[in-house]
K.L.:
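Submitted below is the structure of interest, expressed as structure tokens.
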Amino acid sequence: MKVNNIQSYDSFGNTNTNAKNSGNPSFKGALAINFWDAVARGGFAASFTVQDMTGTNIPRTYQALQRNKDMTGKNNYKAAAEVAIREFLTGPSMCVIPMIVLGISKKTAGTAAEVPLENIEMFSDQMKTVLKNNPRRGLSVQPDYAKNIKSEFYERMFALALDEDVAKNGVSDSAKELAGMLKEYDEAPKRGFFKQLLNKDIIDKTSGNKINTKDQIFNKIITKFSDIKKTRTTDYSSLLSSDMKGELKGRKSISSLVKDFSNFGNDVDKSMMEYAPKKGVIDHAPFSIDSFMEEFKTKRAGSKFITNILMVVATALFMINIPKLYTLYKTNPETDAFREEQKGVVNANQ
């Protein structure tokens with residue numbers, strides 16, 4: 001059994017050379033493949049919204065437009081309008097509202113707010129170990145020290161994800177390479193939504209060279225991780241997941257773990273810089289590893305818990321008020337034709 005590497009293909013530009021030269025494409029559904037590839041690149045929200053629209057919203061709106069047409073001979077635009085408002089607000093809002101709440105939380109509480117609650121404690125313990133293995137000299141924190149700590153945290157987390165015995169053997173070169181790629185990811189620019197959707201590169205205006213973006217580097221990290229795992233295991237079902245050498249309850253997707261590493265590492269980096277001298281003056285208590293990590297873990301776990309509640313409450317409140325938005329008429333347009341017919345029968349009998 002052969003398992004091919006997991007790669008990010010350019011559906012809009014790259015095609016099979018043999019098929020191109022022969023003039024007989026191996027599959028004629030290229031447009032459909034390109035469309036759904038583009039949707040997938042847009043992320044979960046885009047994928048869910050498009051599937052919801054094509055599978056539910058549009059068909060239901062069309063059915064409402066045809067409602068009672070056999071009785072009236074006309075399209076039911078009133079019914080279609082109400083259904084369209086209801087359907088096109090309900091689906092997207094289930095993704096957009098939680099994203100807005102999460103975005104506000106990340107801005108106010110830190111990027112670790114995006115890390116699952118169950119991971120925050122484990123990550124905090126690993127970060128504490130990294131800090132104690134790299135003791136700080138002096139009372140304050142310097143930028144280079146904070147950046148170095150983040151790098152060592154990445155190395156340790158990738159080593160655990162690759163099931164390495166860090167305490168006994170240290171961190172492998174493979175884990176260090178992945179950590180370097182994640183640092184590059186942290187510093188890379190984002191592609192705009194439509195550029196990512198259409199898989200368009202960002203070009204440096206000065207040099208004309210392509211700039212590697214976050215999503216492109218992220219795909220390389222996942223591919224590299226799976227390539228390394230393939231050299232270490234015959235269990236191909238675990239190539240894209242890890243239990244962090246038993247530190248997590250159950251296996252987690254490496255895609256989500258890598259983003260968690262980044263969000264947590266950057267948040268700790270930023271929080272540590274609060275202990276840096278301000279204009280050369282130390283105006284804070286001495287940096288203590290234990291108290292710093294305990295306070296960080298408590299605050300981030302608390303903010304994550306509150307964020308989860310707010311996402312549910314905000315979404316529910318919006319859903320409750322959707323009927324007020326789509327109820328445009330005093331009567332139900334989908335049953336108006338029946339009422340008119342019944343009125344006609346009653347008037348005829350009088």
Side-chain angles (χ1 to χ4, degrees), residues 1-19 26-27 33-34 36-44 47 115-116 118-119 122-123 126 129-130 150-188 191 196 199 201 210 212-265:
M1 174 181 176
K2 180 180 178 181
V3 176
N4 293 324
N5 293 348
I6 297 171
Q7 300 178 5
S8 176
Y9 292 96
D10 181 356
S11 300
F12 290 85
N14 298 333
T15 54
N16 185 278
T17 304
N18 294 331
S26 58
F27 183 70
I33 292 176
N34 289 347
W36 287 110
D37 278 352
V39 170
R41 282 192 295 272
F44 172 78
S47 179
V115 178
E118 59 184 321
N119 292 355
M122 178 266 187
F123 284 16
Q126 295 301 322
T129 300
V130 170
K150 185 176 78 167
S151 296
E152 292 191 17
F153 172 73
Y154 287 168
E155 292 173 4
R156 185 177 183 86
M157 299 309 279
F158 275 117
L160 292 173
L162 291 169
D163 203 33
E164 296 177 4
D165 190 336
V166 182
K168 182 179 180 180
N169 302 319
V171 175
S172 68
D173 289 339
S174 295
K176 291 180 180 179
E177 182 180 2
L178 288 167
M181 295 171 72
L182 188 55
K183 283 182 62 182
E184 184 184 356
Y185 166 88
D186 286 343
E187 298 167 2
R191 282 197 288 186
Q196 186 170 337
N199 204 24
D201 293 327
K210 171 186 170 182
N212 286 326
T213 58
K214 283 189 181 296
D215 62 292
Q216 293 168 329
I217 296 171
F218 180 79
N219 288 334
K220 292 179 182 178
I221 293 173
I222 302 306
T223 300
K224 183 67 178 179
F225 181 87
S226 67
D227 287 342
I228 295 170
K229 286 287 291 286
K230 280 168 59 178
T231 66
R232 303 184 179 190
T233 182
T234 56
D235 180 13
Y236 290 142
S237 65
S238 67
L239 292 182
L240 292 176
S241 64
S242 174
D243 65 355
M244 300 297 291
K245 201 168 178 60
E247 295 290 337
L248 293 178
K249 297 177 181 178
R251 305 190 71 84
K252 306 295 181 182
S253 162
I254 190 60
S255 297
S256 61
L257 284 172
V258 167
K259 291 182 179 179
D260 291 345
F261 297 165
S262 176
N263 284 320
F264 190 90

K.L.:
Using 0.5 Å steps for rounding, measure from the CD atom of E187 to the CG atom of L182.
P.N.:
10.0 Å

K.L.:
Run the side-chain contact (heavy atoms from CB on, under 4.5 Å) check on Y154 and S262 step by step: do they pass?
P.N.:
CA-CA 8 Å; Y154 287 168; S262 176; 4.0 Å; yes

K.L.:
Considering all heavy atoms of both residues, which atom of A175 and which atom of A159 are nearest to each other, and what is their separation?
P.N.:
CB-N, 3.7 Å

K.L.:
Taking atom CD1 of I254 and atom CG of L239, what is their separation to the nearest 0.5 Å?
P.N.:
11.5 Å

K.L.:
Measuring from K220:NZ to E184:CD, what's the distance to the nearest 0.5 Å?
P.N.:
7.0 Å

K.L.:
Can you measure from OH (Y185) to CG (N212) and round to the nearest 0.5 angstrom?
P.N.:
13.5 Å

K.L.:
Does anything in residues 166-183 pair up under salt bridge (Lys or Arg N to Asp or Glu O under 4.0 Å), and if so which pairs, sequence neighbours excluded?
P.N.:
E177-K224

K.L.:
State, yes or no, whether a side-chain contact exists between L162 and L178 at a heavy-atom distance under 4.5 Å.
P.N.:
yes

K.L.:
Are D235 and T233 linked by a side-chain donor-acceptor pair shorter than 3.5 Å?
P.N.:
no

K.L.:
Nearest 0.5 Å, what's the NZ-CD distance between K150 and E155?
P.N.:
12.5 Å

K.L.:
Could you name each residue pair satisfying salt bridge (Lys or Arg N to Asp or Glu O under 4.0 Å) that touches residues 241-261, not counting sequence neighbours?
P.N.:
E118-K252, D163-K245

K.L.:
In chain order, what residues pass the ring pair (Phe, Tyr, Trp, His ring centres under 6.0 Å) check against F123, with sequence neighbours excluded?
P.N.:
F261, F264

K.L.:
Taking side chain to side chain contact (heavy atoms under 4.5 Å, CB included) as the criterion, tell me which of V171, T129, V130 meets it with E152.
P.N.:
V130

K.L.:
Closest approach of S151 and A179, non-hydrogen atoms and distance?
P.N.:
O-CB, 4.2 Å

K.L.:
Rounded to the nearest 0.5 Å, what's the gap from CE on M181 to CD1 on I222? Could you check?
P.N.:
9.0 Å

K.L.:
Go through it in stages, so that I can follow the logic: the residues are E164 and N169, the test is side-chain contact (heavy atoms from CB on, under 4.5 Å), and I'd like the CA-CA distance, side-chain angles, deciding distance and then a yes or no.
P.N.:
CA-CA 8 Å; E164 296 177 4; N169 302 319; over 6 Å; no

K.L.:
Taking the side chain as every heavy atom from C-beta outward, state whether M244 and L257 have any atom pair closer than 4.5 Å.
P.N.:
yes

K.L.:
Using a 4.5 Å cut-off on heavy atoms from C-beta on, say whether the side chain of F158 contacts that of S172.
P.N.:
no

